[in-house]
Visitor: 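Quick one: structure below, then a few questions.
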Number of protein chains: 2
Amino acid sequence: MAQKSGESLLYLTDEQLRKGIEAMFFAYRGFTADPDRILEEHGYGRAHHRAIHFIHRAPGTTVNNLLAILGVTKQSLNRVLRALVEDGLVEARVGQRDKRERHLYLTEAGEALEQKLSDAQRERMRAAYRAAGPAAVAGFRQVLEAMMDPEMRRHFNRLTER
Amino acid sequence: MAQKSGESLLYLTDEQLRKGIEAMFFAYRGFTADPDRILEEHGYGRAHHRAIHFIHRAPGTTVNNLLAILGVTKQSLNRVLRALVEDGLVEARVGQRDKRERHLYLTEAGEALEQKLSDAQRERMRAAYRAAGPAAVAGFRQVLEAMMDPEMRRHFNRLTER
DNA sequence: GATCTTATGTCAGCCTTGTTGACTTTCCAA
DNA sequence: TTGGAAAGTCAACAAGGCTGACATAAGATC
């Protein structure tokens with residue numbers, strides 16, 4: 001009640017929050033729909049997409065780092081990586097300084113698929129951004145960032161600062 | 001280039017779109033983290049949460065309607081519903097007019113769990129909303145809505161209009 | 001040099017949650 | 001009365017999570 005005068009607090013009602021929750025649910029479905037279709041053609045799933053995305057984003061990343069970003073077990077990731085390496089989309093190079101580490105890179109074929117997937121996903125994103133306008137997009141990003149767990153926010157911010 | 005003068009189009013660059021994609025990924029993890037923990041204690045998964053959420057939101061909904069909202073097969077939903085009915089969280093009443101239909105309701109125990117789950121999820125949502133402010137929240141909602149498939153947007157809007 | 005720790009990989013087995021296909025029961029509506 | 005829609009059920013399968021146990025290589029430490 002202290003600052004009820006300045007800005008209305010109606011946007012914090014349970015009803016508004018519930019709407020936000022449902023919006024996240026339905027929007028996430030749209031968010032993954034296009035890549036899902038492409039992945040199916042190639043016999044892959046979302047797990048492969050995530051690996052491909054972050055290897056593209058941070059080339060030379062180690063398995064352990066990828067594990068931390070994705071938040072899955074090494075057994076789970078390994079199954080996915082093995083398939084991608086066998087299919088020639090990902091290359092795992094032994095580390096220079098530390099030979100225990102594997103540094104991950106997309107091959108040409110891997111980059112090609114990444115392009116196809118992210119083109120589709122960016123296309124929808126671009127349409128949504130354009131429809132909503134720059135101010136809305138700034139708000140969108142603010143809320144999403146505030147919604148993350150601190151550790152995930154750390155990963156999120158590290159991805160672009162380098 | 002036509003309207004480059006008025007508002008900058010820099011928010012539509014591939015880099016910005018990619019950041020938005022990653023924000024969605026990390027934020028969705030936070031979005032589901034709290035309910036996931038609670039569900040685990042009860043031996044349920046996200047599929048149960050979704051069913052409980054939408055039955056609470058639209059009491060008396062039919063199985064077919066729920067199917068359309070959730071976008072899964074009836075076999076998949078049925079498995080989840082059966083567990084919830086057996087555990088006494090959901091009641092499936094035979095339709096009055098059309099006795100083939102089952103109308104779904106949460107029992108008292110079901111409502112209790114729904115409360116617990118949505119309290120946790122709203123809590124995070126509220127914190128994010130508060131941190132970002134009302135203008136950001138409006139933008140957040142605009143972008144999410146623009147990101148949905150048209151059919152999902154229909155469901156989304158129908159949920160509050162009644 | 002021996003030992004501890006870390007990074008990675010792998011095997012086996014389990015669970016949830018999605019899928020398809022086939023079939024039955026119920027029952028509204030033409 | 002009969003066709004078809006709504007719902008339920010059974011079986012089988014796959015993706016992608018998980019745990020636990022174990023192997024190997026190599027950096028780090030004593």
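Naming: A, B, ... by sequence-line order, numbering from 1 per chain. Only heavy atoms go into these numbers, but all of them, side chains included; no hydrogens, no water, no symmetry mates. Small disclaimer: the values here were computed from a predicted structure and weren't measured.
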Visitor: Rounded to the Å, how far apart are Arg46(A) CZ and dT17(C) P?
Guide: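 In whole Å, dT17(C) P lies 14 Å from Arg46(A) CZ.
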Visitor: To the nearest Å, give me how far apart CZ (Arg79(B)) and P (dT20(C)) are.
Guide: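 Atom-to-atom, Arg79(B) to dT20(C), this comes out as 13 Å.
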Visitor: Can you tell me how far C1' of dT8(C) sits from CG of Leu104(A), to the nearest Å?
Guide: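 Between C1' of dT8(C) and CG of Leu104(A): 11 Å.
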Visitor: Is the NZ or CZ atom of Arg50(B) both under 6.0 Å from the centre of the six-membered ring of Phe25(A) and within 45° of that ring's axis?
Guide: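 No, Arg50(B) does not sit over the ring of Phe25(A).
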Visitor: Hey, would you say the Phe26(B) and Phe31(B) ring centroids sit under 6.0 Å apart?
Guide: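 Judged by ring-centre distance (under 6.0 Å), Phe26(B) and Phe31(B) do not meet the cut-off.
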Visitor: For a salt bridge (Lys or Arg N to Asp or Glu O under 4.0 Å) with Glu22(A), tell me which candidate from Arg153(B), Arg122(B), Arg57(B) qualifies.
Guide: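 Answer after filtering Arg153(B), Arg122(B), Arg57(B): Arg57(B).
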Visitor: Grab the OH-P distance between Tyr44(B) and dT17(C) for me, whole Å please.
Guide: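 Result: 11 Å.
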Visitor: Counting C-beta onward and ignoring hydrogens, is there a side-chain heavy-atom pair between Met148(B) and Arg29(A) closer than 4.5 Å?
Guide: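 They are not in side-chain contact.
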Visitor: Of all nucleotides in DNA chain D that come within under 4.0 Å of a heavy atom of chain B, which is furthest toward the 5' end and which toward the 3' end?
Guide: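 So the outermost contacting nucleotides come out as dG4(D) to dC10(D).
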Visitor: Between Lys74(A) and Gln75(B), who's closer to the 5' end of DNA chain D by nearest nucleotide?
Guide: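 Looking at the nearest nucleotide for each, Gln75(B) comes out on the 5' side.
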Visitor: So Thr62(B) and Arg102(B), side chain to side chain donor-acceptor pair (under 3.5 Å) or not? Walk me through it.
Guide: CA-CA 5 Å; Thr62(B) 63; Arg102(B) 298 287 181 281; over 6 Å; no
Visitor: Is Val63(A) close to Leu66(A) at the side-chain level, that is, under 4.5 Å between some pair of heavy atoms?
Guide: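 In short, these two side chains do not touch, never coming nearer than 4.5 Å.
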Visitor: What I want to find out is whether Arg124(B) reaches Asp149(A) closely enough, with some N-O distance under 4.0 Å, to be called a salt bridge.
Guide: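 Judged by the 4.0 Å cut-off on N to carboxylate O distance, Arg124(B) and Asp149(A) do form a salt bridge.
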Visitor: So which nucleotide from dG18(C), dC11(C), dT8(C) ends up closest to the side chain of Thr62(A)?
Guide: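 Of the options given, the side chain of Thr62(A) lies nearest dT8(C).
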Visitor: Looking only at side chains, do His56(A) and Gln115(A) share a donor and an acceptor under 3.5 Å apart?
Guide: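 Result is no, nothing qualifies.
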Visitor: When you compare the side chain of Glu91(A) with that of His103(A), does any pair of heavy atoms fall below 4.5 Å?
Guide: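 No; the side chains remain at least 4.5 Å from each other.
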Visitor: Please figure out whether Thr73(B) or Leu81(A) has its closest DNA chain C nucleotide nearer the 5' end.
Guide: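 Between the two, 5'-proximity favours Leu81(A).
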Visitor: Among residues 83-100 of chain A, which contact DNA chain D at a heavy-atom distance under 4.0 Å?
Guide: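 Within this stretch, Arg97(A), Asp98(A), Lys99(A), Arg100(A) sit under 4.0 Å of the strand.
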Visitor: Whole angstrom is fine here: how far is it from NE2 in His103(A) over to C1' in dG9(C)?
Guide: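 It is 16 Å, rounded to the nearest whole Å.
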Visitor: Specify the separation, in whole Å, of atom CG of Asn78(B) and atom P of dT16(C).
Guide: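 Asn78(B) atom CG is separated from dT16(C) atom P by 16 Å.
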Visitor: Is any side-chain nitrogen or oxygen of His48(B) closer than 4.0 Å to OP1 or OP2 of dT17(C)?
Guide: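 Indeed, a polar side-chain atom of His48(B) lies that close.
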Visitor: Counting any heavy atom closer than 4.0 Å, what does Arg82(A) reach on the DNA or RNA strands: base, sugar-phosphate only, or nothing?
Guide: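 Sugar-phosphate: the residue Arg82(A), judged by heavy atoms under 4.0 Å, touches backbone atoms but no base.
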